[in-house]
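Chain letters run A, B, ... following the sequence lines, proteins first and then strands; every chain starts at 1.
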Amino acid sequence: MAEYPFHDIEAKWQRAWEERKTFRTPGTVRRDQPKFFVLDMFPYPSGVGLHVGHPLGYIATDILARYKRMTGHAVLHPMGFDAFGLPAEQFAVEHGVHPRITTEANIANMLRQLKSIGLSYDWDRVLATTDVEYYRWTQWIFLQLYHSWYDPEADSARPIAELEAKLASQRADWAHLGEKERESILAEYRLAYLAEVPVNWCPALGTVLANEEVTNEGRSERGNHPVFRRPMKQWMLRITAYADRLEKDLAIVDWPEAIKLMQRNWIGRSEGASVRFPVVGSDERIEVFTTRPDTLFGATYMVLAPEHPLVDRVTTPDCAAAVAAYRDEAARRSDVDRQADSKAKTGVFTGGYATNPATGADIPIWIADYVLMGYGTGAIMAVPAQDERDWEFAEVFGLPIVRTVRPPDGFEGKAYTGDGPAMNSGFLDGLHVADAKRTMTEWLVREGHGRGTVTYKLRDWLFSRQRYWGEPFPVLHAADGRIRTVPESQLPVELPPMDDFSPAASDDPDAPPSPPLRRAPDDWRLVEIDGETWERELNTMPQWAGSCWYYLRFIDPRNSDRFVDPDLERYWMGPKGVDLYVGGVEHAVLHLLYARFWHKVLHDLGHLSTPEPFGRLFNQGYIQAFAYRDERGIAVDAEKVVDQHGNPAYEVQDRPDSAYFFEGRPVTQEYGKMGKSLKNAVSPDEINERYGCDTLRLYEMYMGPLEASKPWNTRDIIGVNRFIRRVWRVFTTEESGLRVADVDVPDDLMRSLHRTIRRVTDDMDRMSFNTAIAALIEFLSELVPLDVVPRTVAEPFVLLLAPLAPHLAEELWERLGHAQSLAYAPWPVAEARWLRRLTVPVAVQVNGKLRATIDVDPEAPEEDVLAAAKAHENVARFLENGTLRKAIYVRGRIANFVVS
RNA sequence: GCCUCGGUGGCGGAAUGGUAGACGCACACGACUCAAAAUCGUGUGUCCGCAAGGACGUGUGGGUUCGAGUCCCACCCGAGGUACCA
């Protein structure tokens, strides 16, 4: 018997699908046909290609796409490349090769790898964010942001022209203002605006980074270089205007709770009150935000962030020197340093005082870097008795502490942050926290000292990067600082040709930023309009920009008039957005939040039909693998590691008593995410070569639940490979090519078949592909002893197999006499008459312990089943020892006798 | 510290509150073979027992229930997120 010739058959079908464009999604839609838009998070086209961890999600979505085609859905299943970004640019800087060249070569290699797994994408829709015709529309979306403002009354973005009209009618002075003055007012409202803001400046990379791109240690996420805070004029996107809706609309999407929670935490909504403290001897008032207005009576001092604009006003001459020194130091310190000694509180007294509106007492004003300018108002009322940070600070500097919430008896801690009755708090005394908050907020409003407010942790999105390989901004600058945008009709603004792509990297945190585009040829950089020379914006957009809307472009990728056709958009996005979006958790906050923000803006402006982009989100787990390090702690090639008996490590790595060696030297075993750095990556090309891609697909799905992280174990692949080869042996013979015949099917086999259809269908619907495969393996073992496979059984089996192992299934389908691909063949339906079983095993328990199993008719009445159960010898034995108190029968499942 | 998700045989894992360990790997034995591979079959949680059968068993300790891997409470361990956010 010849082995399954997987090389030939897989190549044959991949060629056939490609030539016939089997998986092309038509550009026109039938409104009455149900649709399924299934999307993978598109990859960065890396130079090293894929390892077996990457396609895990792609295989899962492919199975689903194939399944949905067979159940009559119009399926949109596209793939593309998030191709702007640092690695190609870094390579360009080092080797002088234009990033477009490396990017295109990498894309070609990854397309080859993706096609060799038999993925059923519509290859006519492939796009890259670096395509000029794609980033033209990224720039167009930026213009939409720039020309819009957020109207809090309508709770929606609106064209900036409407705001201008409104201001012109409301403000008497509007007509007399110059262009610059008007623009600086409008900039306060635009969704995209230039602002001098403290940014995360990374001199080593020569660029600024978004907060999200800076690690907790104050280093760059890419490259781990130190990051410094410094003010810089940069493009910002007003995502904070959408904080409330981004938070609220999490309720309408079907996403994993963990991801929703991460987004909620990132948005960081908190309710409280803002309170104004009059500064003693001045008209100034310090506004603070607090979540605990009920503790106002316990506010014994105030703290301003060192950058707070009122610091100079409240500082007295005798304290000026110390304050200036502290501010200087805070400004110069990188986030690394701040983090390092975050334990000890530091600060200085300004000499100024403010009046606590509740107690009437004058309390000292301090500055300290534990108060952050970027959150709330950059100032706090310090309530040491009910706040651990304030308590610590008060202890260090000997400031007064007054408890205003009574801690429970026996409380021995310092600050008490729990619930309890108010004390030392005048009209609040006795009230518990919730009531006290409400009462105090009402009092603040009545007395004109403050009001209830909501604050968010979310900051505006820093949108400029000092890089070459990104989307240019469609913006021009005049010498005097005026700004104008490039008209839509003149998009795209293409990247200029250059041979030196390096930013001005430096070790000096104070060196001025110098983006590569500063060296662009004058005929690109300078634009003359009506005799006036304008300079193009020299920053580019961050990598997140292109991935913010690619799912929309997939719907209509070649449209040259619009970013997406509205009718197609309504069909594919309706009613709840992308039907299934699969990718890694690493994008839980950044990508998903940014994309939702852009989507909402475009929705508000009338360009999109749905409030949310991704109706259902699914996170696949990581593929992990054992890795080995030598005595120096250096990772060694995991494939070459052996145990004490010389067996390859991958065959014995899960045994407890193994010792491991690399080239004769002992190594230690660890377990981690598959990748280059641990030298434990396995390439899909290897597996394809040795077992074929149907085996690779099945193994990746059979490893366990899609959402779980699980270990790759090359040894286990043989299991699903045996299944593939067994299917081949059972269905084919060498002579006639097919071992299938039109013969009668025994009822038992029909019942098995339909139970299998039921199981596989259910498992497809809940993406439980590992159990679907198990069901097929079980059913196949029933076919093994047969001389021929009845056609009635063979055809549905091949169809059930098709989404999982499409090459083998197509080949068998063709041999079964079908001229057409099975890609659109109807999915088998489980028939009720074959699902009904004649007898079922019922477990019989006595006092909850299994004593026997009896076969009964599932329709049999309870009395009969219980009688039969009691009659069983081993049950009777246990019933003798006591009195029967209770008998329970769950139809077709279990009987339980309670005896005492 | 806080939040989230996990913890089931030698390994990956299965199990609407109803027979724990489906299916696969590994291992053992048998068939085929001169032999090996491949293939086919049988067995395989631990302990006692020739067997029938019994006891124990889903991180630990409690609870709810006729019945708990599954629900509740406390704790231990692991992975991920987050961190002076007022």
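Rounded to a whole angstrom, the distance from the P atom of A20(B) to that of U44(B) is 16 Å. Annotation: C32(B) and U39(B) have their C1' atoms spaced 9 Å apart (nearest Å). U33(B) and A15(B) have their C1' atoms separated by 41 Å, given to the nearest Å. Here the separation of U70(B) from U8(B), taken at their P atoms, is 13 Å to the nearest Å. Annotation: G59(B) and U65(B) have their P atoms spaced 23 Å apart (nearest Å). Comparing the C1' positions of A31(B) and G54(B) gives a spacing of 34 Å, expressed to the nearest Å. Taking the P atom of each, G61(B) and A52(B) are spaced 31 Å apart, rounded to whole Å. Taking atom P in both U4(B) and A22(B), one finds a spacing of 34 Å when rounded to whole Å.
Between the side chain of R739(A) and the backbone N or O of T733(A), no donor-acceptor pair lies under 3.5 Å. A donor-acceptor contact shorter than 3.5 Å is absent between the side chain of Q263(A) and the backbone of E247(A). Formation of a donor-acceptor pair under 3.5 Å by the D387(A) side chain with backbone atoms of D390(A) is found in this model.
Between R759(A) and Q845(A), the residue whose closest nucleotide on RNA chain B is further toward the 5' end is Q845(A). Both P841(A) and I888(A) lie near RNA chain B, and the one whose nearest nucleotide falls closer to the 5' end is P841(A).
Heavy atoms of V898(A) sit under 4.0 angstrom from primed sugar atoms or phosphate atoms, though from no base atom. Across all strands, R891(A) comes closer than 4.0 Å to no nucleic acid atom at all (heavy-atom distances). Contact annotation for D390(A): no contact, since no heavy-atom pair falls under 4.0 Å across all strands. Heavy atoms of R851(A) sit under 4.0 angstrom from primed sugar atoms or phosphate atoms, though from no base atom. In this structure, N265(A) reaches neither bases nor backbone, as no heavy-atom distance under 4.0 Å exists between it and the strands shown. Residue contacts for R269(A): at a heavy-atom cut-off of 4.0 Å it reaches no nucleic acid atom on any strand shown. Residue contacts for P711(A): at a heavy-atom cut-off of 4.0 Å it reaches the sugar-phosphate backbone alone, with no base atom in range. No contact: R885(A) has no heavy atom under 4.0 Å from any strand. At the heavy-atom level, F878(A) lies under 4.0 Å from the strands shown only through sugar-phosphate atoms. S270(A) comes within contact range of the sugar-phosphate backbone alone, with a heavy-atom separation under 4.0 Å but no base atom that close. Nucleic acid contact for K457(A): base, since at least one base atom lies under 4.0 Å from a heavy atom of the residue.
Of all nucleotides present, none satisfies the Watson-Crick or G-U wobble test against G67(B) with each distance under 3.5 Å. Across all strands shown, U4(B) forms a Watson-Crick or G-U wobble pair with A79(B), both key distances being under 3.5 Å. Pair check for C27(B) finds G43(B); Watson-Crick or G-U wobble, both atom distances under 3.5 Å. Here U33(B) sits opposite no nucleotide as a Watson-Crick or G-U wobble pair (both hydrogen-bonding atom distances under 3.5 Å). Remark: U58(B) base-pairs with no nucleotide in the shown strands. Criterion, Watson-Crick or G-U wobble with two distances under 3.5 Å. Pair assignment for U16(B): none, as no Watson-Crick or G-U wobble contacts are both less than 3.5 Å.
Nearest heavy-atom pair, A368(A) versus P306(A), reported as atom, atom and distance to 0.1 Å: O-CD, 3.3 Å.
Checking A26(B), U39(B), A14(B) against every side-chain atom of T771(A), the shortest atom distance belongs to A14(B). Looking at the side chain of I380(A), the nearest of the listed nucleotides A86(B), U19(B), C84(B) is A86(B). Closest contact between the side chain of R715(A) and the listed nucleotides G10(B), C23(B), C40(B) involves G10(B). If you check A22(B), A86(B), G53(B) against the side chain of A774(A), the one that comes closest is A22(B). For N874(A), the listed nucleotide lying nearest its side chain is G54(B); candidates were A55(B), C11(B), G54(B). Among C11(B), G12(B), C66(B), the nucleotide with an atom closest to any side-chain atom of K710(A) is G12(B). Checked against C25(B), A86(B), G54(B), the side chain of I718(A) finds its nearest nucleotide in C25(B). Of the candidate nucleotides C23(B), C25(B), A15(B), C23(B) has the atom lying nearest to any side-chain atom of E778(A). Here the nucleotide nearest the side chain of N770(A), chosen from G13(B), U39(B), A55(B), is G13(B). Nearest to the side-chain atoms of P705(A) among the listed nucleotides C3(B), G13(B), G54(B) stands G13(B).
With a glycosidic angle further than 90° from 0, G10(B) counts as anti.
We find that CD of E395(A) is positioned 20 Å from P of C84(B), with the value rounded to whole Å. Summarising the geometry, the separation between CD1 on I894(A) and P on U16(B) is reported as 15 Å, rounded to the nearest angstrom. If you take CE of M701(A) and C1' of C23(B), they are 16 Å apart, rounded to a whole angstrom. Following rounding to the nearest Å, W728(A) (CH2) and U39(B) (P) show an atom-to-atom distance of 17 Å. F723(A) has its CZ atom 17 Å from the C1' atom of C40(B), to the nearest Å.
Judged as a side-chain hydrogen bond (donor to acceptor under 3.5 Å, both in side chains), the pairs with a partner in residues 697-711 of chain A (not counting sequence neighbours) are, in order, D62(A)-R697(A). Applying the side-chain hydrogen bond (donor to acceptor under 3.5 Å, both in side chains) rule to pairs touching residues 775-789 of chain A yields S752(A)-E782(A), R759(A)-E778(A), sequence neighbours excluded.
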Donor-acceptor contacts under 3.5 Å from residues 840-856 of chain A side chains, at least two apart:
{"from": "N847(A)", "atom 1": "OD1", "to": "V899(A)", "atom 2": "N", "distance (Å)": "2.8"}
{"from": "N847(A)", "atom 1": "ND2", "to": "V899(A)", "atom 2": "O", "distance (Å)": "3.1"}

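Using a cut-off of 4.0 Å between Lys/Arg side-chain N and Asp/Glu carboxylate O, R725(A) and E3(A) are scored as salt-bridged. Of the charged side-chain nitrogens involved, none lies within less than 4.0 Å of a carboxylate oxygen, so that R285(A) and E287(A) do not count as a salt-bridged pair.
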What are the atom names and distances for every N/O pair under 3.5 Å that joins the protein to nucleotides 45-50 of chain B?
none

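Among residues two or more places apart in sequence or in another chain, the side chain to side chain contact (heavy atoms under 4.5 Å, CB included) test is passed with A354(A) by F277(A), M302(A), I365(A). Scored by the side chain to side chain contact (heavy atoms under 4.5 Å, CB included) test, F6(A) finds Y4(A), E10(A) as partners (sequence neighbours excluded).
The phosphate of G24(B) has neither OP1 nor OP2 within less than 4.0 Å of any side-chain N or O from R722(A). When the side-chain nitrogen and oxygen atoms of R729(A) are compared with OP1 and OP2 of C40(B), one or more of them lie within a distance under 4.0 Å.
Within a 6.0 Å sphere centred on CZ of R264(A), other residues, nucleotides and ligands contribute more than 12 heavy atoms.
Judged by distance alone with a 3.5 Å cut-off, no donor-acceptor contact links the side chain of D716(A) to the base of C25(B).
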